[in-house]
Amino acid sequence: MKSEIREILLASVKKNYKKKSLDFDISRTKTKSHGNWSSNVALILGKELKQQPKIIAENLVKNLPKKKWLEKVEIAGPGFVNFFLTEEAQSFFLKNFLSNDLSSFKSKMPRKILIEYVSSNPTGPIHIGHGRGAAFGSALANLLRFTGDEVIEEYYINDRGLQTDVLALSVFLRYQELFKVKVNFPEECYQGDYIKECAFLAKEKFFDKYLAKKDLKFTDQSNPLDLINKIYIVFPKFSEFVDFCIHLQMDQIRGDLSKFKVHHNNWVSEKDLYKDSDDGSFFERIIKVLKNNEFTYLQDEALWFKSKEFNDEKDRVLIRNNQDPTYFASDIAYHKFKFERDFDQLINVWGADHHGYIPRLNGALEALELDSNKLKTLIIQFVSLVRSGKNVSMSTRKGEFITLKELIDEVGVEATRFFFLARKSDQALEFDIDLAKKEDKNNPVYYIQYAHARICSLEKEVKKRKLIIDQNNGLDNLKLIANENELDIINEIERFQDVLSQCRKDLEIHPLCFYLREIASKFHSYYNANKFIEDNKDLRDAKFALVFALKKVFQQGLEILSINAPEKM
RNA sequence: CUCUCGGUAGCUCAGCUGGAUAGAGCAUCUGCCUUCUAAGCAGAGGGUCGCAGGUUCGAAUCCUGCCCGGGAGGCCA
C-alpha cells in the first residue's frame with residue numbers, strides 16, 4: 001500500500017513541481033482521524049521551495065487519480081496529506097495475507113549474512129550475559145531469514161591461549177585431589193564446582209595417567225603459568241588433557257544453547273587458524289601481510305600493530321615477548337577468514353565489555369585492505385537479576401555467577417527469551433525474576449501466548465459444535481464486520497510487515513516484541529466484546545477470517561522469537 | 001582523566017533518520033464472569049521528556065555546554 005501511495009504522490013510532485021525525485025516519508029498514522037497513511041511530502045517540499053506547506057499540499061492533492069483502494073485524501077495540521085483507505089482495500093489485504101506463504105515479506109534484495117554470536121570461552125558454563133546475546137543472535141538470524149536473507153550462525157571457539165591452559169590446570173589440580181594428593185589451588189584458577197565434575201570425568205577417562213609423580217609437587221604457592229610449564233615438561237602429551245577439558249566444556253555449552261533454542265550452524269576453532277600448511281598457518285600468513293604493509297613494529301621483543309594510525313588510542317600487541325600471539329591477533333585472522341567467505345554483511349554480537357575493542361579490529365581490517373563497513377558489531381549490554389525487588393549479586397571470580405541453565409530452569413525458556421529480547425539490546429537489562437515467573441497478564445509472554453491459545457480454543461469450540469469455517473466465504477463477507485474495531489485490527493495486522501522490515505533494517509528485535517504485545521492487547525479487547533460463533537454463517541466466517549489472520553501473526557511472530565505458541569494454556 | 005551508553009508518569013521502559021494532543025505495561029482507584037479460557041476486558045487519575053542555550057514554520061528527537069548515573073579503558077579473553 002505504501003508503495004502505491006508513494007507512486008501517486010511522486011507522480012503529482014513531478015507534474016506540479018517539475019521535480020525528478022524527492023525524498024519523503026509515508027507512515028502509518030497514530031490516530032484514526034488522520035486516516036490510515038500519512039505523508040509529509042508537502043512539508044519537505046515546502047522547506048525546499050520556501051513556500052507554505054499547506055498550499056503545496058493542496059496543489060499536490062488536487063488532481064490525484066481515483067483509485068479503488070482510496071476512500072479520500074485530507075490535508076491536516078501544518079500540511080500533512082492523509083490517506084483514508086476503503087474497506088475494499090482492507091479486505092484485499094487480508095485476503096492476500098491469509099492466502100500466501102508470506103513470500104511478500106521477503107526482501108527484494110536478499111543478502112548473504114554471517115552472524116557470529118555467543119562465542120563464549122570454553123572455560124565454564126555460559127552465564128546470563130551470554131544468554132542475552134544468544135537469544136538476540138538467534139532471533140535476529142530467524143528474522144533475517146524470514147525476511148529473505150541467507151544467514152549463517154557462527155560460534156568462534158577460543159580453544160587456545162592462556163585461559164584454556166588455566167582451565168586445564170584447574171581441572172588437573174582437582175584431578176590430583178581425587179587421588180588424595182594435596183595441592184595448593186591458586187586464586188587465578190576457576191573456582192566453580194563444574195571444575196570438580198570435569199576432574200571426575202577426567203579420572204574416568206585417563207585413570208592415573210596424569211597423576212603427579214613424586215618429584216612433581218603442587219603444594220607451593222606459584223603462579224599458574226609456571227605450573228602449566230612444569231606440567232608440560234613432566235607430561236609431554238598434556239595437550240590431550242587440555243583438549244579433553246575443552247571438549248567437555250563445549251559439550252556443556254552446546255547443550256545449554258540447544259535447550260535455549262539456539263542452534264549455530266558453524267563452529268570455528270581458533271586453534272585451526274594455527275594449523276600448519278605448506279606456506280605456514282593461516283594465522284602466520286595474515287600477520288605477514290600486516291608486516292609487509294608496514295603496519296607493525298618490534299618493541300620490547302613483542303610485535304605491535306600500529307592501531308593508533310586507525311583512530312585507536314594506542315598501539316596494540318600482536319605477538320607477546322614470549323612469542324605467544326594475543327587474542328587480538330587471532331581475532332584479526334578470524335575476521336579475515338570471515339571476509340574470505342564472501343558474505344554481503346558480517347554481524348558480530350558482542351558483550352558490552354568488548355566495546356573498546358571495536359576501533360582496533362576495524363583498524364586491522366583496514367590495514368588488511370578489507371572494507372570494515374561490511375562488518376557491523378552490535379553491542380549487548382549487561383543483564384542484572386532482580387529478585388523480590390533486590391539485586392542478585394554476581395561475581396565471576398568466586399564462581400558465583402548465575403548460569404543460563406540455572407535461570408531457564410527457574411523461569412523457563414519462553415519467558416527468559418522474551419525478557420531478553422523485549423529490551424533494546426544496547427541497553428542494560430534488569431531481569432525481574434518474579435515477574436518472569438508470573439502466569440498472568442503482568443507477564444507479557446503469557447499475555448501473548450494466551451491470545452494464541454484463545455484463538456485455538458475458539459477453533460476447538462467450532463469443531464465441537466460440528467461447524468465448518470469457510471475462510472474464503474468469510475473474506476467475501478468482510479463487509480459484514482467492517483466496524484471501527486475490526487478495521488483497526490486489520491490495520492494492526494498490516495503493520496506486521498512494517499515492523500519486520502524495520503527490525504531488518506535496524507538489526508533489532510524489541511520492536512517485534514512490543515508489536516506482539518500490542519496486537520495481543522487489541523485481540524483480547526476484541527475477544528471480550530464479541531461473540532464469534534455466530535448463527536449467521538456469513539458473519540461467522542467473516543469473523544473467523546479475521547481471527548485466522550491474527551493467529552498467523554502470533555504464530556509467525558513467536559516463531560521468529562523462538563517462543564512457543566501453545567494451543568491451550 | 002579519556003571514550004561510551006543512559007536520564008521520558010510513582011516503578012519498568014518504548015518513541016529519537018525533526019512532525020499533528022509525548023505512548024505502553026506495572027502500581028493506584030472504579031466497574032465487568034448463568035456465555036466460546038476473568039491467565040481476560042472497560043474506564044479514571046498520573047508528565048517542566050535531567051538543566052540551560054542554539055538551529056526553524058516546528059525539538060523528547062539535531063548541535064553546544066553543564067549536572068547526575070551505568071560501563072569500558074591489559075603483552076586477559
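Proteins come first, then strands; the chains are lettered A, B, ... in the order of their sequence lines, and each starts at number 1.
Of the residues near RNA chain B, A:Gln502 and A:Ala453, the one whose nearest nucleotide (by heavy atom distance) lies more toward the 5' end is A:Gln502.
You'll find that the side chain of A:Lys424 is closest to B:rA14, out of B:rC36, B:rA14, B:rA20. The side chain of A:Ser525 sits closest to B:rC41 out of B:rC41, B:rC36, B:rA14. Side chain of A:Arg423, nearest nucleotide from B:rA38, B:rU17, B:rC13: B:rC13.
Using a 4.0 Å cut-off between a side-chain N of Lys or Arg and a carboxylate O of Asp or Glu, A:Lys437 and A:Glu410 qualify as a salt bridge. Between A:Asp312 and A:Lys306, no side-chain nitrogen of the basic residue sits less than 4.0 Å from a carboxylate oxygen of the acidic one, so the salt-bridge criterion is not met. No salt bridge links A:Lys463 with A:Glu461; every basic N to acidic carboxylate O contact stays at or beyond 4.0 Å. A:Asp243 and A:Lys271 are joined by a salt bridge, as a carboxylate oxygen and a charged side-chain nitrogen come within less than 4.0 angstrom of each other.
Base contact: A:Asn82 has a heavy atom under 4.0 Å from a base atom. Contact annotation for A:Gln449: no contact, since no heavy-atom pair falls under 4.0 Å across all strands. Residue-level contact check: A:Ser38 touches the bases, meaning some heavy atom is under 4.0 Å from a base atom.
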Short N/O separations, protein against nucleotides 31-33 of chain B, under 3.5 angstrom:
none

Write out a two-atom table: protein N or O, nucleotide N or O from nucleotides 55-62 of chain B, distance below 3.5 Å.
| unit_1 | atom_1 | unit_2 | atom_2 | d |
| --- | --- | --- | --- | --- |
| B:rG58 | O6 | A:Lys47 | NZ | 2.8 |

Would you tabulate the nitrogen or oxygen pairs shorter than 3.5 Å linking the protein to nucleotides 21-26 of chain B?
| unit_1 | atom_1 | unit_2 | atom_2 | d |
| --- | --- | --- | --- | --- |
| B:rC26 | OP1 | A:Lys441 | NZ | 3.4 |

Report, one pair per line, the protein and nucleotides 69-77 of chain B atoms (nitrogen or oxygen only) whose separation is under 3.5 Å.
| unit_1 | atom_1 | unit_2 | atom_2 | d |
| --- | --- | --- | --- | --- |
| B:rG73 | O2' | A:Glu313 | OE2 | 2.5 |
| B:rG74 | OP2 | A:Lys314 | NZ | 2.6 |
| B:rC75 | O3' | A:Arg320 | NE | 2.9 |
| B:rC75 | O2 | A:Asn321 | N | 3.2 |
| B:rC75 | O2 | A:Asn321 | OD1 | 3.4 |
| B:rC76 | OP2 | A:Arg320 | NE | 2.7 |
| B:rC76 | OP2 | A:Arg320 | NH2 | 3.3 |
| B:rC76 | O5' | A:Arg320 | NH2 | 3.4 |
| B:rC76 | O3' | A:Arg320 | NH2 | 3.2 |
| B:rC76 | O2' | A:Gln163 | NE2 | 2.6 |
| B:rA77 | OP1 | A:Arg320 | NH2 | 2.8 |
| B:rA77 | OP2 | A:Arg320 | NH2 | 2.8 |
| B:rA77 | OP2 | A:Tyr327 | N | 3.1 |
| B:rA77 | O2' | A:Asn121 | OD1 | 2.6 |
| B:rA77 | O2' | A:Asn121 | ND2 | 2.2 |

Enumerate, atom names and distances included, each donor-acceptor pair closer than 3.5 Å involving a side-chain atom of residues 497-504 of chain A, sequence neighbours excluded.
| unit_1 | atom_1 | unit_2 | atom_2 | d |
| --- | --- | --- | --- | --- |
| A:Gln497 | NE2 | A:Ser104 | O | 2.9 |
| A:Asp498 | OD2 | A:Arg28 | NE | 2.6 |
| A:Asp498 | OD2 | A:Arg28 | NH2 | 3.3 |
| A:Ser501 | OG | A:Gln497 | O | 3.2 |
| A:Ser501 | OG | A:Asp498 | O | 3.1 |
| A:Arg504 | NE | A:Thr147 | OG1 | 3.4 |
| A:Arg504 | NE | A:Asp149 | OD2 | 3.3 |
| A:Arg504 | NH2 | A:Ser107 | OG | 3.4 |
| A:Arg504 | NH2 | A:Met109 | O | 3.4 |
| A:Arg504 | NH2 | A:Asp149 | OD1 | 2.7 |
| A:Arg504 | NH2 | A:Asp149 | OD2 | 3.3 |

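Stacking of the aromatic ring of A:Phe80 onto the base of B:rA20 is found: the ring centres lie under 5.5 Å apart and the planes are inclined by under 30°.
No side-chain donor-acceptor contact under 3.5 Å links A:Tyr117 to the backbone of A:His264.
For the side-chain hydrogen bond (donor to acceptor under 3.5 Å, both in side chains) test, no residue two or more places apart in sequence or in another chain qualifies with A:Lys54. For A:Glu534, the side-chain hydrogen bond (donor to acceptor under 3.5 Å, both in side chains) criterion is met by A:Lys543, not counting sequence neighbours. Remark: A:Asp315 engages A:Tyr297 in a side-chain hydrogen bond (donor to acceptor under 3.5 Å, both in side chains) (not counting sequence neighbours). Qualifying side-chain hydrogen bond (donor to acceptor under 3.5 Å, both in side chains) partners for A:Asn121, counting only residues two or more places apart in sequence or in other chains: none. With sequence neighbours excluded, the residues satisfying ring pair (Phe, Tyr, Trp, His ring centres under 6.0 Å) with A:Phe310 are A:Phe295, A:Phe305. Listed by chain and number, the residues in a side chain to side chain contact (heavy atoms under 4.5 Å, CB included) with A:Asn348 are A:Glu116, A:His335, A:Lys338, A:Trp350, A:Leu361, A:Leu375, A:Thr377 (sequence neighbours excluded).
Side chain A:Asn40 to base B:rA20: no donor-acceptor pair is found below 3.5 Å.
Look at A:His524 and you won't find any side-chain N or O under 4.0 angstrom from OP1 or OP2 of B:rA38.
Within 6.0 Å of the NZ atom in A:Lys308, the count of heavy atoms belonging to other residues, nucleotides or ligands does not exceed 12. Applying the 6.0 Å contact sphere to CD of A:Glu567 captures no more than 12 heavy atoms from other residues, nucleotides or ligands. When the shell of 6.0 Å around CD of A:Gln299 is examined, it contains more than 12 heavy atoms from other residues, nucleotides or ligands.
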Task: Pairing pattern in dot-bracket form [Watson-Crick, G-U; both distances under 3.5 Å; | = partner strand] for RNA chain B - done: (((((((..((((.....[...)))).(((((.......))))).....(((((..]....))))))))))))....
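Regarding the sugar-base torsion, B:rC32 falls in the anti class, its angle being beyond 90° of 0.
Under a cutoff of 6.0 Å and an axis angle of 45°, A:Arg254 and A:Trp267 form a cation-pi pair.
Looking only at side-chain heavy atoms (C-beta outward), A:Phe136 and A:Ile509 come within less than 4.5 Å of each other.
Comparing the C1' positions of B:rU56 and B:rG47 gives an interatomic distance of 25 Å, to the nearest angstrom.
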